[in-house]
Amino acid sequence: AQRRLLGKLEFALAAGVPVLLVLATAGGYLLARKSLDPVAVMTERAARIGAENLHERLPVARPTDELGRLALVLNELLGRVASAFEQQKQLIADASHELRTPVAILSSEAELALARERSPQELRAALVAVHEAALQLQHVVEDLFLLARANAGERLLTMEELYVDDLAAECVQSVQALAARKSIALDVADDGDLPFRGDGSLLRRLLLNLLDNAIKYTPSGGAVHVRTARVPG
């Protein structure tokens, strides 16, 4: 009886151990696959993220485990990349806008100078406007170079003593050719000296951009009036 019992036990062990090994292997595989599913999903989502969809983020199934914390860190990294990318796009757009005005001044002055005979005084005034536009281009290029070298996206201000009324008059003179091409009357008036401390280069570019937009959106034959005055505050 004991031999028969031992024989049955031996047979059961011989037959059961392989079955248990198969079940253990299958169970381990399923558990490993289930635990790696979030990695596969994260990998697939990360492969789809590019410059056109940087707003997308990796899924976070369980933010408290190791994979969840990794996904959170990667999402924060994607956020910083997206922010830097948007700043770069804005910088390119701003630079394009600021370059357009001096280029348009250069083109207009050259066209007017070549369109008809002009007096020496008119030619000198045109050359002065061309020179100022070229300096404006130089300032923009220098600023782009400075931003490219700076890790922070802020431009250091160059403070100086200046007169806003004189600055406005200079800017109006610079865009006279642009206004003439559309037969737009352009004049400037002030309430006297307006001393100010600021960045003359940035203020000049600000006024030139305002004048460029005013001329662009004023119908032909219209008028653009520039006024400088001191107001409370």
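The model shown is predicted, which means the values in this text are computed figures rather than measured ones.
Every residue was checked against the salt bridge (charged side-chain N to carboxylate O under 4.0 Å, His left out) condition with Arg80, not counting sequence neighbours, and none meets it. In this view, Glu122 and Arg116 satisfy the salt bridge (charged side-chain N to carboxylate O under 4.0 Å, His left out) rule, not counting sequence neighbours. Partners of Gln173 according to the side-chain hydrogen bond (donor to acceptor under 3.5 Å, both in side chains) rule, which considers only residues two or more places apart in sequence or in another chain, do not exist here. Listed by chain and number, the residues in a side-chain contact (heavy atoms from CB on, under 4.5 Å) with Val73 amount to none (sequence neighbours excluded). Taking the side-chain hydrogen bond (donor to acceptor under 3.5 Å, both in side chains) definition, one finds that Arg69 meets it with nothing, sequence neighbours left out. Partners of Arg230 according to the side-chain hydrogen bond (donor to acceptor under 3.5 Å, both in side chains) rule, which considers only residues two or more places apart in sequence or in another chain, do not exist here.
Between Arg181 atom CZ and Ser107 atom OG the span is 5.0 Å, to the nearest 0.5 Å. In this structure, Phe85 CZ and Leu78 CG are separated by 13.0 Å, a value rounded to the nearest 0.5 Å. The line from CE of Met159 to CG of Asp199 is 7.0 Å long, rounded to the nearest 0.5 Å. Residue Leu206 holds its CG atom at 4.5 Å from CG of Leu210, rounded to the nearest 0.5 Å.
Contact detail for Ala168 and Val226: the closest heavy-atom pair is CB-CG1, 4.4 Å. Closest heavy-atom contact between Glu160 and Ser201: OE2-N, 4.3 Å. Nearest heavy atoms, Ala104 versus Leu178: O-CD2, 3.5 Å.
The side-chain heavy atoms of Leu186 and Leu211, taken from C-beta on, include a pair separated by under 4.5 Å. For the pair Lys216/Arg100, a side-chain contact is recorded, criterion being any heavy-atom separation below 4.5 Å from C-beta on.
Cluster annotation: Leu208 and Leu137 are assigned to distinct hydrophobic clusters (Ile/Leu/Val/Met/Phe/Trp/Tyr, side-chain heavy-atom contacts under 4.5 Å, transitive).
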Using side-chain contact (heavy atoms from CB on, under 4.5 Å), reason through Leu167 and Tyr163 one step at a time and then give a plain yes or no.
CA-CA 6 Å; Leu167 187 63; Tyr163 286 89; over 6 Å; no

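Put simply, the residue from Asp165, Asp191, Asp187 that forms a salt bridge (Lys or Arg N to Asp or Glu O under 4.0 Å) with Arg227 is Asp187.
Here the side chain of Ser174 pairs a donor or acceptor atom with the backbone of Glu170 at under 3.5 angstrom.
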